[in-house]
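Structure record follows, encoded as structure tokens.
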Amino acid sequence: MIVKDPVCGMEIDSETAFAFREHMGQKFYFCSEDCVGKFDADPHQYAMVTSATTGFNSGIPLERINLPIQGLKEDQDANKLQSWLKAYPGISQVIVNRATGTAQITFLPAQLSLANLVKAIRAAGFRPEGAQTHIGIQNLRCASCVQSIEDELRATPGVINGSVNVATQEASIEYLPQQTKLADLNTAIESWGYKTHPAVSKEPQDKQEAEHEKEYRRLISHFWFAAIISLPVLATAYSKFVPFVRDWSMVTLRLAWEVTALLTLPVMFWSGIDFFTGAWAALKHRSANMNTLVALGTMAAWLYSTIAVLFPSIFPLGTSEPFYDVVAVVIALVVLGQALELRAKGRTSEAIKKLIGLQAKTARVVRDGQEMDIPVEEVLVGDVVQVHPGEKIPVDGLILEGSSAVDESMLTGESLPASKKTGDEVIGATLNKTGAFKFRATKVGKDTALAQIVKMVQDAQNSKAPIARMADTISGYFVPVVMILAVLTFVLWFDIGPQPRLVYALVTAVTVLIIACPCALGLATPMSLMVGIGKGAENGILIRTGEALQTAQGIQIVVLDKTGTITKGKPELTDTVVADNWKENDLLQLAASVERSSEHPLAEAIVEGAKVKSIALTEPSAFEAVPGFGVIATVGGKHVVLGNLKMMEREKAILGDLEQKASALADDGKTPMYVAVDGKAAGIVAVADTIKEDSAEAIAALKKMGIEVVMLTGDNQRTASAIARKVGIDRILAEVLPGDKAKNVGLLQADGKRVAMVGDGINDAPALVQADVGLAIGTGTDVAIEASDITLIKGSLKGVVTAIEVSRATMGNIKQNLFGAFIYNALGLPVAMGVLFPFFGVLLSPLIAGAAMAFSSVTVVGNANRLRTFKPRLSVK
Amino acid sequence: MTTIQFIITLGGIGLSIFISWFFWLAPKGQTHAATGAGGVQEVAITVKGGYTPDVIVLKSGQLVRLTFTRQENSACSEEVLFPDFNKSSLLPEGEPVTLEFTPEKPGEYGFQCKMGMLRGKLVVE
């Protein structure tokens, strides 16, 4: 019968097998001495109880990995790989996804090692991709060592490819993180006697940055080529002004012009290649853009000039002069403009780069009892991570053991380090101060708070503000309109213009094509939006969409939820008032002991208040909660009652002047609770939700900005008024049922006002959605709050002020840009067409038009960069 | 007006009309999305000087998977934006990048490169 050799997986005939073993009731056959030898050395590795029919035991864990695979271009590639792999012994399931370029392989690791799996994939003609890493190698000098190290790396299991660069002293390695760790790679290199260190990459962080760099260099080289050619071309075009050239005879000059005709060809088709390929590609899609304009303009100039040079007799006298200077100079300038624009664009994404830079690069995990340093991308959920003093926390997690103080200011703005102990949450990218601890990773990679913030900011930067859509619609029609204008300009000058008609007609038409700049219009909004949103993010304000940013600038009313927004949201013990000869601490001890068993939110405040004073609490007995009245319990033999006025009446406790004192407390915005012991009134404990320190300041700032502030709360009118008075709010909507919050926002909007709502994302969600702009105060790792348009990650109300300020500043910048881009075209086009000519004899030279066009988009991006100097009026420190 | 001027004028007007028609009025070819496994509408789009295809017909309410492969390095096309769905993606050269979302309401939704030079349209029925 056909059996499988458990060691090598080869299918053999049991009757001709080399050896036979029986182990744990199972029979095994081996193909060779080698295999049986391996089996004898460690039978348990190979001897598994397998199902008779499928060869797999459901009790043994299968391993499943997702491997990115290169070379999956067509569907048939995916199918080929899938069927190829399925045939391999040890593989249970293969799903190849061509769209994502990955293969999900479920296999039996004991029967098919990962290395053999990689070999199998390669045998099918595909290449598995792995993680990339760079390792710096110290003092790598000899070229032959390069080969040795590369071989060593490639021989390391799990390494797909490794290459060593002597020039940068770095090894670039592609490997499968499931099989190899960074430590193994380091060992491979160190085995040749070299010390390794994490690569100090002078390379740009991002692939995108690298691409930008390459593009920039390409554009600049194109510029220089065109610029250099422009010099002799200009000399021969404006021969009268150039000392040596002006003495040339017409014949020589004509010859020179023919030379320039040839010289400008490479300028057009090498330096200016982008314009032509771009225009052609656009044409195939039935659209036209800036490339179309430049390509047409320069081509028209070149063709006219060449015909004029070769067949001067066709043209009327004095018109057969070439315009090669237009071709060369315009291309040079526009290419330069594109290069500068690229540079300036890079600066607009600085905020994001700063955020990404906050991420830690490595993490120290404890796996199988061993501590090892790994790149942060390799940390898995559930890993135990060790953090030492002064280190950056790599990912989000929950502390398992140890404690410390953590500086979270980069994410939450809390200047005081937050103390963390077992069970507390820690956020990646924050800084550990003096303690050491271990935590379990709960969110890694894309799911960490930092990654979520980065994604939100990126999405927002790419969103469209309504004002941008308007600009977009215009750009859609713009270029063909310009082309039509150029045609009409030519016709007009040719029909009714002065002599030489042809020259004037052509020059003006070309100028019209060149001066129009659709790019500036298209860039105006996105660039400012990028910088504005980045600025917001820097100040702890995460704006989700461009639309939110635009709406926020026109906010007239800000509705603030009370609990958790204006106030801290956690009630705290504020007063203990005693009657007769009661001591405060004794009273508090009894009250807190009773409240220990209570689930009332205020109870926790009282218990906490007692703890802070180090008062020992006693376990109560006979606890009874009376809804609407209070609580009753027996503490230390005493009958203690805690509650409101109604409760005291029920207990028939005489309050005396306590009632007055309670009233005073209530007017102060506190919630007083009477305490009666053994039937007699003993005192009052008062609890209040303390106001955040900067709430008043923020509200004052909002009012100064001309915005009305309204408080919305489900709390009673009295407490609400007290708080409102303290923070400076005049309009209060109190005793609002949770379900009616959204309706109240709607009522305000019905007045025709733009309303913003500030609350926490959970309870106030409907109200946030109803408002024109919903701002949620987020805390901790809960960043992407769905219901809000803007998330304030620093829990302060000052964020609202800053959000509106950022919005106004950005919208102002956008309007400047749009205005500039619009005016530029609105003025430039008519002047190019010749509108000033009849009055002032002024015509726009195509050279100047080229310069203006090139620099108009740079100016727009430059102005957007100006927004980077924005500073909020109230800084949240 | 001389004969040449007459010809030029006529030619100019004709050219203007042609331009209007070519860029604005002429109907563009549409591509219908193929429905793949699991009811997911899949379309592969090449990005090279424009989006091919650039008019895609989709059914509403079904998940859509668009795979963009950028085959040029001009900085213009490095990002694709879907402003109506608040989605965007970087397109590194040569790498297929997939975007998924479900268009609920029928209508026309545009997508474009960052600067607006390259455009496409999703027609959701």
Side-chain angles (χ1 to χ4, degrees), chain A residues 98-101 207-208 211-212 214-216 218-219 274 277-291 338 341-342 345 458-464 468-469 471-472 475-477 479-480 483-484 487-488 490-492 494-495 501 505 518-519 521-523 526 544-546 857, chain B residues 1-2 4-6 8-20 22-24 26-29 36 40 42 44 48-54 65 67 72-76 78-84 86-90 92-93 95-96 98 110 112-120:
Chain A
R98 188 182 71 79
T100 59
K207 201 171 177 189
Q208 193 193 9
E211 282 187 11
H212 278 189
K214 214 169 68 173
E215 184 69 8
Y216 179 77
R218 193 180 74 103
L219 287 172
D274 290 339
T277 50
W280 178 245
L283 207 64
K284 282 201 286 191
H285 287 94
R286 274 241 169 83
S287 79
N289 50 34
M290 173 194 98
N291 293 326
Q338 285 187 329
E341 188 189 303
L342 196 61
K345 266 199 218 164
Q458 280 178 331
D459 278 346
Q461 287 180 328
N462 290 326
S463 65
K464 288 244 168 260
R469 289 175 191 254
D472 272 350
S475 346
Y477 294 107
V479 175
M483 286 166 75
I484 295 178
V487 169
L488 294 178
F490 184 89
V491 170
L492 212 63
F494 196 73
D495 286 347
R501 294 225 161 89
C519 285
L521 209 58
L523 279 177
R544 296 189 102 196
T545 59
S857 26
Chain B
M1 196 190 286
T2 67
I4 292 201
Q5 285 179 329
F6 187 70
I8 295 271
T9 313
L10 222 57
I13 296 177
L15 194 57
S16 305
I17 295 177
F18 174 73
I19 292 175
S20 316
F22 184 80
F23 290 109
W24 297 328
K28 281 173 126 176
V40 178
E42 291 200 30
K48 193 175 156 105
Y51 300 111
T52 314
D54 56 357
R65 193 179 285 147
T67 308
E72 58 177 0
N73 61 0
S74 156
C76 216
E78 70 184 357
E79 259 188 289
V80 67
L81 274 66
F82 284 83
D84 295 301
N86 210 14
K87 273 192 177 287
S88 65
S89 202
L90 263 184
E93 186 181 354
E95 277 181 36
T98 310
Q112 55 175 87
C113 74
K114 187 110 184 228
M115 199 152 66
M117 268 177 48
L118 312 176
R119 285 163 197 253

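Residue numbers start from 1 in every chain, and the chains themselves are labelled A, B, ... in the order their sequence lines are given, proteins ahead of strands.
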By a 4.5 Å heavy-atom criterion (distance strictly below it), what part of B/Ser89 contacts chain A: side chain, backbone, both, or neither? neither

Has A/Trp280 got more than 12 heavy atoms of other residues, nucleotides or ligands less than 6.0 Å from its CH2? no

Under 4.5 Å heavy-atom distance to chain A, tell me which part of B/Phe82 shows up: side chain, backbone, both or neither. neither

Check each atom of B/Ile8 against the heavy atoms of chain A and say whether the ones under 4.5 Å are side chain, backbone, both or neither. both

State the CD1-CD1 distance between A/Ile484 and B/Ile13, to the nearest 0.5 angstrom. 12.0 Å

Among residues at least two apart in sequence or on other chains, which ones pass side chain to side chain contact (heavy atoms under 4.5 Å, CB included) with A/Leu492? A/Ile496

Engaged part of A/Phe494 at the chain B interface, taking heavy atoms whose separation is under 4.5 Å: both

Taking every heavy-atom pair that is under 4.5 Å apart, which of B/Ser20, B/Gly12, B/Ser16 has the most such pairs with chain A? B/Ser16

Applying side-chain hydrogen bond (donor to acceptor under 3.5 Å, both in side chains), name anything that partners A/Glu341, two or more places apart in sequence or on another chain. A/Ser857

Relative to chain B, which segment of A/Tyr477 carries a heavy atom at a distance below 4.5 Å: side chain, backbone, both, or neither? both

Student check: side-chain heavy atoms of A/Leu283 and B/Phe23 closer than 4.5 Å: yes

Select one option (side chain, backbone, both, neither) describing which atoms of B/Ile17 are under 4.5 Å from chain A's heavy atoms. neither

Which atom pair, heavy atoms only, marks the closest approach of A/Asp495 to B/Gln5? O-NE2, 3.1 Å

